[in-house]
Every structure is written in structure tokens, then in C-alpha cells.
Amino acid sequence: MSRVHAVLASLRRGLWIFAVLVRSGMIAPMRPDKYLRQGLVMRRHGVNPLSGLGLSAVRSPNRRALVDELGELTWRELDRRVDALAVALAAEGAGPGAAVAIMCRNHRGLVETLAACSRVGADALLLNTGFSAVQLADVMAREGAGVIVYDEEFGALIGPTRERLPGLREFLGWQDTSAADAPVAIESLISARLGQRPGPVVAAGRVVLLTSGTTGTPKGARRSADGGAGALAAMFDRIPWRSGETVVVAAPAFHAFGFGQVAIAFTIACPVVLRRRFDPAATMRLVDEHRATGLAVVPVMIERIVDLPESERSGLDGRSLRFVTASGSRMRPDAVMTFMDRYGEVIYNSYNATEAGLITTAVPADLRAAPDTAGRPVAGTEIRIIDDGGADVPPGEIGRIAVASGVLFEGYTSGDTKQFLDRYMISGDLGRLDAAGRLYVVGRDDDMIVSGGENVYPSEVERTLTGHPDVRECAVIGVDDEQFGQRLAAFVVPVDGAVPDPDGLREYVRTQLASFKVPRDLLMLEELPRNASGKIVVRELEASLP
């Protein structure tokens, strides 16, 4: 009987996946010849996160696919350009087993290089545009990348990498000047081979996504196809993507979340609008200009949009938006509420991990009830909150977040992996569940501060401080202390025009939290140091302490 139940459960899940994919428009009727041609595309390219580009070129060849500062490309044009670049990369030795590093901002060059790697079976290593020269050299050497595609602005960082990797082949993904000694631009590679295409892929390449590295050297996590139709259905069931509708991707595409939004858009033939640098007003103007129904951001971008002065905000409409998908760090509750008050019930806040994909999503109703929640697990994913011994903790109590799904990563490129408890991956994050089953992420395992024998979670103190009317945002870290082991240091960004009194802020915290949670060090900053994906860089905060 259990086998019958399993078969029925599998059938029900299959029907549910089919219904969700039909509703999103991913599955739609086409002429019979297009089904055949899509089958040939899959045979030639294999299954990878960017397979959707070739499929969309068959489905909607003459429709707009990508818009950046250089103009527009149709799906057919983009597909042909990727084929040409794939042929060029293969000629440079970037075939199966090779690694191609990509250090680009959001523009066609990044997208084309990613897709070209997948068509020749090379691994694509996505590099953080905020890397120092030393970090870049360390990661390149560790991953063994022999080819790098980068924007010209990062050329000064390449020197140490050249010294460590003799024979490194360099190409420009974006060119600002016409310097005679500049590396060849991929635009030249594409122009020289337009009309050519690579043969069938022999071995599948992977996308190597780097962890944030806010406290140390980023690790490379290998990901191939992300859970198939079930994972897509789980996301479409929670966030209202629709085939063919334009999406502005402001989140950096080198980061797991931003990359995922581009891959999803390609899968359902959604035109993608990119801009190399984030600007809050310019981003909202892109939404209005292209009547975009989707906007992909990291949380700090929402904060920057709502903090725009009235003079810059007055002409921004945003009424075309049906969803704003965000992930990467905790969002300021006041920013969430203000954005939805202005632009409607459109924010969907997700908890993702480089190693596990989409884990939970908070829909607008969740955020109205609890603005700092990461929401509930998506279909096909389970989470547990456990103590150090692996036992579940009661709702409301903080513990380690453990995740089970079909989208877990294949391990770090170093050969290491995450800790597992049975089939649950220990995420490395701390969190709690409320009575309604909503998840709250309170920080990393190693974020917890032990001061005088008491456990303090920085997010609790940060949430309290940002409730003060003179505080726009803040960050709290632990600092070594001879007497208490660690003490709390708070870095505060005041609201414009405010000059908060440090003693007054300490007293404000003391009225709401236990005395051992009051920061002893309190520094005022004009802004918090963040990496390109919006996460606070802890080591830079530590370096700013007297």
C-alpha cells in the first residue's frame, strides 16, 4: 500500500508542477516544428542553467531578449552572438574541464560569456566586482582559471593574477576606451565568428558561484541544473513571474541571486533589462520606460529607492510592477513598508543560499504581518531549527537552520562540503520559526557574540537601534575584550540632518533589551561598507575601530 501511496503522491506532484508551469507561461502551445527544434537545441547544448536562452530563441526569435546601455538584442540575435563567442572561447582552449573567469558588471558581455561557457562545457567562474587584486589572484589560482573576461575598469587588478598564472588569456567584456594595448574585446571575437556555432557539448559545464566572503576568502560552490521543473514550479508558485514580461535585474548577476534571476527570465522568455551600476532613480526609470512587471534587487537597493529625496522621486511611477524579488540580507522593516505603501503589495523577500538555492519566500501578506520575516519554505523544501545536538528547538527559540531540498549544491571546489544531519544541510545560519511557521534569519553561526558568558545576536540589537528616529541603519559586531571575552560595537548611520547622542542611543537600547546587549563602542559612519551584493563587509568595520 505504501508503494501505491508513493505513486499517487508522485502523480499529484507532477500534475501540480505542470499546472504551475502552464500558469507561468513556461509551458505554452507552439507549432510542432518548434518543439522539434527545441529538442535539437537541448541535444546540442545539454541541460544547464542557461538552456532557456536557446529555447527562447526558437520560441520567440524576433522578440526583445536583452536591453543594456548598448541597446537591444532579440532572442535570435543573442543566441547567434553566444554561439559565435562559444566558438571563439573553444579556440582559446576553453572546452570541457576548463574554467573561464568572469569579472563583469551587469551587461550583455557577462550574459553572453556565461551562456557561451555552457555551450562548450567550460566551467564559468563568477567573480565579485568588489574584489581586491590579491583576492582576485587567490581565487583565480585556486580555481585554475586559464581565461578571464573582465570589464576594462578592472584591468589594474589583473597584475598579480598574471604573475601567478603565466599564459593567462584575457578578454574585455566591456570596453570604455580604445587603448592600443588593451586586450581583445569579446565584441571582436563575436563579430569575427558570427554565423558559426559550436558542436554538441561533450560534457556539461558548471557555474561556480562564490560565497559572499564578507569575513574571509570566498569559497566556490559548484551548481549545475538547479532542481529541474520542480524547483522552477516552487518559485513560480510563490513569486508571480509570467512568460514574456519584462524584468529589470538590478541585483549583481555575479552573485547567486542575481544570476538566478537572469537564468529564470531566460527560461520563460522574459526580456531582461540590465544596467552596469545601480542607481535608485535610474532603476525605477527603467521600470517605467520598459513597463517592467518584475524587478530583482538586493535589500539595500529597496532602502536606497525609498530614501530618494522627493525631488528625485516625484516622476517615478512604478505601477507596472507586479513583483519585486529580493534576497541577500536582512531588509529594513520601515523600507519594506514604505516601498509597498508607494508601489503596492509587490515585495517578495526570499532566503537563498549559494549552496541550496531558494529556501523560503515571504509574500507581501507575510511582510505586512512581520516585515523582517524570510517567509515560509517553498514547495519541495523543508527546514528545521535545531540545537547543537541536532534536536529541534521549539517555535520562537533560536537555533541552527537546516535545509532539505532537491537543489543542494555539489560541494565546494576545494573538495570540502557543508555539514549534514541525515538529509538536511546545515546552512551555517541561525534563525527561528514563529507560530505561523515563518522563518526569521538572525545571523550566521559565527556572528553570535558571547559577552560575559551571555549570548547576543547582533540582529536583535541592530533591529532595536534602527527603531530610533535618528538612526537610518546600523551594524553590530563583536570585539575582543579582556574582561568580557567580547564586547559589542555598533556602527550607526544617522538619518540625514540628525546628530544622535551615543549615550542617548545606549540608553534607548537599555530600555528595551538586557544591559549586556548594550553596545559599549558606538561609532557614527556616513555609510556602512558593503560589497557589490549589498552585504556588510565585517572586516572593514573592524578596521575602522580605534
Side-chain angles (χ1 to χ4, degrees), residues 85-118 120-193 205-213 216-222 252-255 259 276-277 412-415 531-533 537 539:
L85 183 56
V87 172
L89 290 178
E92 294 293 332
V100 176
I102 306 170
M103 193 174 188
C104 296
R105 298 190 186 275
N106 284 16
H107 56 75
R108 65 182 63 185
L110 181 149
V111 172
E112 289 167 345
T113 306
L114 270 170
C117 286
S118 72
V120 293
D123 290 347
L125 171 64
L126 285 168
L127 298 173
N128 193 316
T129 57
F131 272 176
S132 67
V134 173
Q135 282 179 309
L136 173 61
D138 286 345
V139 171
M140 288 280 290
R142 185 189 70 202
E143 303 297 333
V147 178
I148 183 169
V149 176
Y150 60 91
D151 292 351
E152 189 174 14
E153 64 180 287
F154 304 123
L157 302 176
I158 308 297
T161 303
R162 291 191 190 108
E163 294 175 5
R164 294 179 64 176
L165 295 173
L168 178 70
R169 295 178 300 287
E170 304 173 33
F171 301 97
L172 293 183
W174 184 277
Q175 193 166 15
D176 296 301
T177 69
S178 55
D181 59 346
V184 174
I186 64 169
E187 187 64 40
S188 297
L189 299 180
I190 292 170
S191 298
R193 293 167 174 81
R206 292 174 173 81
V207 177
V208 180
L209 300 163
L210 297 177
T211 59
S212 297
T217 302
K219 297 188 289 291
R222 292 188 187 276
F254 69 75
H255 188 262
F259 164 74
R276 285 186 299 155
R277 288 179 174 83
Y412 295 115
T413 54
S414 63
N531 61 21
S533 56
V537 183
R539 60 179 174 273

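All values reported here derive from a predicted model rather than from experimental measurement. Position 1 is the first residue of the sequence, and the numbers go up from there.
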Minimum-distance pair of heavy atoms, taken over all atoms of [X] and [Y]:
X    : Y    : value
T129 : C104 : CG2-O, 3.5 Å
A116 : L89  : CB-CD1, 3.9 Å
H107 : G109 : ND1-N, 3.0 Å
C117 : V100 : SG-CB, 3.6 Å
A133 : P160 : CB-CG, 3.8 Å
V120 : A90  : CG1-CB, 4.0 Å

Trace of the side-chain contact (heavy atoms from CB on, under 4.5 Å) decision for F254 with N128: CA-CA 6 Å; F254 69 75; N128 193 316; 3.4 Å; yes
Under 3.5 Å: donor-acceptor pair, side chain of S118, backbone of A115: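 At least one qualifying donor-acceptor pair exists.
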Side chain D123, main chain R206, donor-acceptor under 3.5 Å: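 Pair found, side chain donor or acceptor close to backbone of R206.
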Would you please name every residue forming a side chain to side chain contact (heavy atoms under 4.5 Å, CB included) with [X], sequence neighbours left out?
X    : answer
A88  : L189, R193
Q175 : E152, L172, A182, A185
A101 : L125, L127, M140, A145, I148
A98  : none

Straight-line distance of [X] [atom1] to [Y] [atom2], nearest 0.5 Å:
X    : Y    : atom1 : atom2 : value
L136 : R164 : CG    : CZ    : 10.0 Å
T113 : I190 : OG1   : CD1   : 7.5 Å
D151 : N106 : CG    : CG    : 10.0 Å
I158 : E163 : CD1   : CD    : 12.0 Å

Side-chain heavy-atom pair F259, L209 within 4.5 angstrom cut-off: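 In short, these two side chains touch, coming nearer than 4.5 Å.
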Non-neighbouring partners of R169 that pass side chain to side chain donor-acceptor pair (under 3.5 Å), sequence neighbours left out: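 Partners of R169 under the side chain to side chain donor-acceptor pair (under 3.5 Å) test: none.
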By side chain to side chain donor-acceptor pair (under 3.5 Å) - contacts of E92 (at least two apart):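 For E92, no residue satisfies side chain to side chain donor-acceptor pair (under 3.5 Å) once neighbours in sequence are set aside.
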Side-chain donor-acceptor pair present, N531, H255, cut-off under 3.5 Å: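 Judged by distance alone, the side chains do not pair up.
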Contacts of type salt bridge (Lys or Arg N to Asp or Glu O under 4.0 Å), residue R276, not counting sequence neighbours: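 Listed in chain order: E69, D176.
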Pairwise ring-ring contact (aromatic ring centres under 6.0 Å, His included) hits with a residue in residues 133-171, at least two apart: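 Those involving residues 133-171 do not exist here.
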Pairs satisfying salt bridge (Lys or Arg N to Asp or Glu O under 4.0 Å), at least one member in residues 100-110, at least two apart: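 Counting only pairs at least two positions apart or across chains, the salt bridge (Lys or Arg N to Asp or Glu O under 4.0 Å) contacts touching residues 100-110 are D68-R108, R105-E153.
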